[in-house]
There are 2 protein chains.
Amino acid sequence: MTESWRIPTVAIAVDLAVLTIRADQLNILLVTRGVEPYAGRLALPGGFLSSDDEDIDAAAARELAEETGLSAKDLHLEQLRTYGAPRRDPRQRVVTICYLALMPDLPLPLGGGDARAAQWVPVDKALSRKRQLAFDHAKIIADAVERARSKLEYTTLATAFCGPVFTISDLRQVYEIVWSESLDPRNFHRKVTGVDGFLTPTGDRAATNGGRPAALYRRGPARTLHPPILRDGNP
Amino acid sequence: MTESWRIPTVAIAVDLAVLTIRADQLNILLVTRGVEPYAGRLALPGGFLSSDDEDIDAAAARELAEETGLSAKDLHLEQLRTYGAPRRDPRQRVVTICYLALMPDLPLPLGGGDARAAQWVPVDKALSRKRQLAFDHAKIIADAVERARSKLEYTTLATAFCGPVFTISDLRQVYEIVWSESLDPRNFHRKVTGVDGFLTPTGDRAATNGGRPAALYRRGPARTLHPPILRDGNP
DNA sequence: GCAAAAGTGTTGATGGTACACCCATGG
DNA sequence: CCATGGGTGTACCATCAACACTTTTGC
């Protein structure tokens with residue numbers, strides 16, 4: 001608590017839940033804490049809000065750039081929820097505003113100035129070893145994953161996990177991995193090509209990997225899906 | 001600014017967007033500010049978070065009880081979003097965690113200890129006179145209404161606007177008013193009675209208001225709607 | 001040709017809309 | 001009886017899951 005004079009009585013933090021798909025699994029970006037409390041444990045990247053003129057959305061974007069080297073306009077970033085249980089940080093009262101980011105699988109570390117040991121951890125693994133996570137971050141991760149899962153249903157966000165050009169198979173695998181559910185490739189194809197503005201054909205074709213080469217697409221202008229693509233597990 | 005010594009450099013507020021249906025309109029609970037800034041303007045009820053051991057959800061519930069006299073377990077209360085633009089409060093940096101509450105139309109003031117002038121204001125009126133609202137509260141109200149609108153689609157939340165017992169007509173009017181859209185009474189009836197756990201019949205019937213008396217229902221155990229009841233305006 | 005993946009056509013089930021029709025009450 | 005709102009039946013249409021089938025590549 002020697003640093004408590006530097007931080008207001010109720011401190012405000014901004015934490016990031018950054019998701020990607022890697023090796024057929026949903027992964028989350030975690031850092032290893034170097035200091036107490038929870039030294040050595042895995043935690044969401046984040047930091048305290050400075051009291052200057054920085055907007056909280058901008059603070060989240062800045063943290064994201066520091067961790068990944070990516071600008072917020074290159075990927076999806078949205079506010080998830082604010083967590084403020086009284087003793088979630090044993091040092092003092094901390095209220096943390098959490099953000100959800102989705103990005104394609106890019107190499108890490110991405111040359112950010114902040115060279116803390118950020119690593120991709122499969123979400124399943126992180127959530128099955130809750131004791132290794134700092135603070136209430138297991139709960140935050142679970143909320144982030146659930147938000148991502150449900151957003152795939154009625155928005156075009158799945159494309160945020162893909163690179164700039166992708167095949168319909170790539171997109172289907174995003175859905176299958178995030179939902180842990182297999183989808184019929186033929187019906188999926190029809191469904192996504194039927195939504196206006198979801199996908200823009202590039203005209204090119206992907207290198208074949210054993211069969212007929214797939215058409216390549218970019219993400220289209222649509223942001224919501226009409227009709228939605230619904231999960232099975234719902235009822 | 002005489003009280004600024006009591007508030008940390010970055011202050012945390014909890015604000016409430018309390019919605020109800022009154023006189024066939026969606027209404028929001030607003031207070032008239034007595035002090036600068038924005039003295040005399042309408043604002044969302046709320047207050048600063050104390051740095052003691054109060055959870056932020058509990059702080060929202062306490063504010064709600066002070067304004068309406070109702071306990072949080074009697075009505076729906078959920079976190080909406082956190083707003084933290086740098087100059088949203090001209091005095092100092094304030095980050096506000098906003099909550100959305102839905103309640104049936106009950107008389108106000110509800111005998112809370114805090115006798116500030118809380119009043120119901122039709123949402124349309126509030127949003128068409130944005131200049132009369134304090135801070136960024138017009139934006140918050142718009143977000144709250146949009147959240148309520150979309151939650152009616154896939155949750156059973158519409159019952160939160162009704163009293164403990166209600167008719168299917170009452171429920172339909174909730175949808176019609178919140179969505180500003182008229183629905184076919186016959187198809188609506190079939191739809192809601194077809195969702196398992198949405199409605200529990202009481203066995204009683206309402207006093208007639210000109211026609212056959214309607215069956216009375218309580219809210220059932222279901223919290224999500226399968227299938228959803230979708231708005232028209234979507235595509 | 002054969003395997004493998006992409007993409008199309010078809011069919012039967014399901015859920016939605018529109019609307020005709022019957023039910024129960026007050027006046 | 002009539003007016004009024006509550007509630008059911010039904011016909012038609014859109015969407016969807018399931019799966020047979022065709023297309024396009026590598027080997």
Side-chain angles (χ1 to χ4, degrees), chain A residues 24 152-154 162 165-177 179 181-196 198-218 222 224-235, chain B residues 24 152-154 158 162 165-177 179 181-218 222 224-235:
Chain A
D24 292 340
L152 292 205
E153 292 193 317
Y154 55 93
C162 301
V165 291
F166 50 89
T167 67
I168 290 182
S169 269
D170 294 337
L171 190 64
R172 178 170 46 83
Q173 282 177 52
V174 168
Y175 275 89
E176 292 182 331
I177 290 166
W179 286 350
E181 182 180 312
S182 60
L183 301 171
D184 185 303
R186 300 155 297 189
N187 291 336
F188 182 84
H189 186 283
R190 218 191 330 257
K191 225 180 267 195
V192 296
T193 52
V195 177
D196 233 49
F198 192 2
L199 303 175
T200 315
T202 64
D204 288 337
R205 304 196 153 266
T208 178
N209 39 313
R212 171 176 173 176
L216 288 170
Y217 296 86
R218 294 180 197 285
T224 55
L225 285 184
H226 297 288
I229 301 176
L230 297 173
R231 282 178 280 184
D232 233 21
N234 267 333
Chain B
D24 293 338
L152 292 205
E153 292 192 317
Y154 56 94
C162 301
V165 292
F166 51 88
T167 67
I168 289 182
S169 268
D170 294 338
L171 189 65
R172 178 171 45 83
Q173 282 176 52
V174 168
Y175 275 90
E176 291 183 331
I177 290 164
W179 285 352
E181 182 179 311
S182 60
L183 301 171
D184 185 303
R186 301 156 295 187
N187 291 334
F188 182 83
H189 185 283
R190 219 191 329 257
K191 225 179 266 195
V192 295
T193 53
V195 177
D196 233 50
F198 193 1
L199 303 175
T200 315
T202 64
D204 288 337
R205 306 193 153 268
T208 179
N209 39 313
R212 171 176 171 177
L216 288 170
Y217 295 86
R218 293 180 198 285
T224 55
L225 286 184
H226 297 288
I229 302 176
L230 297 173
R231 283 178 279 182
D232 233 19
N234 267 333

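Keep in mind that this is a model prediction, so the values were computed, not measured. Residue numbers start from 1 in every chain, and the chains themselves are labelled A, B, ... in the order their sequence lines are given, proteins ahead of strands.
- The interatomic distance linking B:Leu183 (CG) with C:dA18 (P) rounds to 11 Å, in whole Å.
- For A:Arg212, there are no salt bridge (charged side-chain N to carboxylate O under 4.0 Å, His left out) partners two or more places apart in sequence or in a different chain.
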Solution key, residues 190-200 of chain B side-chain donor-acceptor pairs under 3.5 Å, sequence neighbours excluded:
from     : atom 1 : to       : atom 2 : distance (Å)
B:Arg190 : NH2    : B:Asn187 : OD1    : 2.9
B:Thr193 : OG1    : B:His189 : O      : 2.7
B:Thr193 : OG1    : B:Arg190 : O      : 3.2

Requested in this report: Give the intermediate values and the outcome of side-chain contact (heavy atoms from CB on, under 4.5 Å) for residues B:Asp24 and B:Gln173.
Outcome: CA-CA 8 Å; B:Asp24 293 338; B:Gln173 282 176 52; 4.0 Å; yes

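- One finds the OG1 atom of B:Thr202 at 4.5 Å from the CG atom of B:Leu216 (value rounded to the nearest 0.5 Å).
- Taking both residues in full, the closest heavy atoms of A:Pro213 and A:Ala206 are given as CB-O, 3.2 Å, listed atom of the first, atom of the second, then distance.
- End-to-end axis angle for the helix from C:dG1-D:dC27 to C:dG27-D:dC1, using five pairs per end and rounding to 10°, comes out at 10°.
- Annotation for B:Arg205: atom CZ counts as buried by contact number, over 12 foreign heavy atoms lying within 6.0 Å.
- Taken residue by residue, residues 202-217 of chain A places heavy atoms nearer than 4.0 Å to DNA chain D at A:Thr208, A:Gly211, A:Arg212, A:Pro213.
- A search for ring pair (Phe, Tyr, Trp, His ring centres under 6.0 Å) contacts involving A:Tyr175 returns A:Trp179, A:Phe188, not counting sequence neighbours.
- The distance from atom CZ of A:Phe188 to atom P of D:dA18 is 16 Å, rounded to the nearest whole Å.
- Scanning all heavy atoms of the two residues, the minimum distance from B:Arg218 to B:Val165 falls at NH1-CG1, 3.5 Å.
- B:Thr167 comes within 4.0 angstrom of nothing in the nucleic acid, heavy atoms only.
- In plain terms, the two heavy atoms of A:Glu153 and A:Arg231 that are nearest each other are OE2-N, 2.9 Å.
- Atom NE2 of A:His226 is separated from atom OH of A:Tyr154 by 11.0 Å, given to the nearest 0.5 angstrom.
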Report summary line: Letter by letter from the 5' end, nucleotides 8-17 of chain C scores (B base, S sugar-phosphate only, - none; protein heavy atoms under 4.0 Å) BBB-----SB

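- Protein atom CG of A:Leu171 is 18 Å distant from nucleotide atom P of C:dA5, rounded to whole Å.
- Rounded to a whole Å, the CG atom of A:Asp184 is 18 Å from the P atom of D:dT15.
- Note: B:Ile177 CD1 to B:Arg172 CZ = 10.5 Å, rounded to the nearest 0.5 Å.
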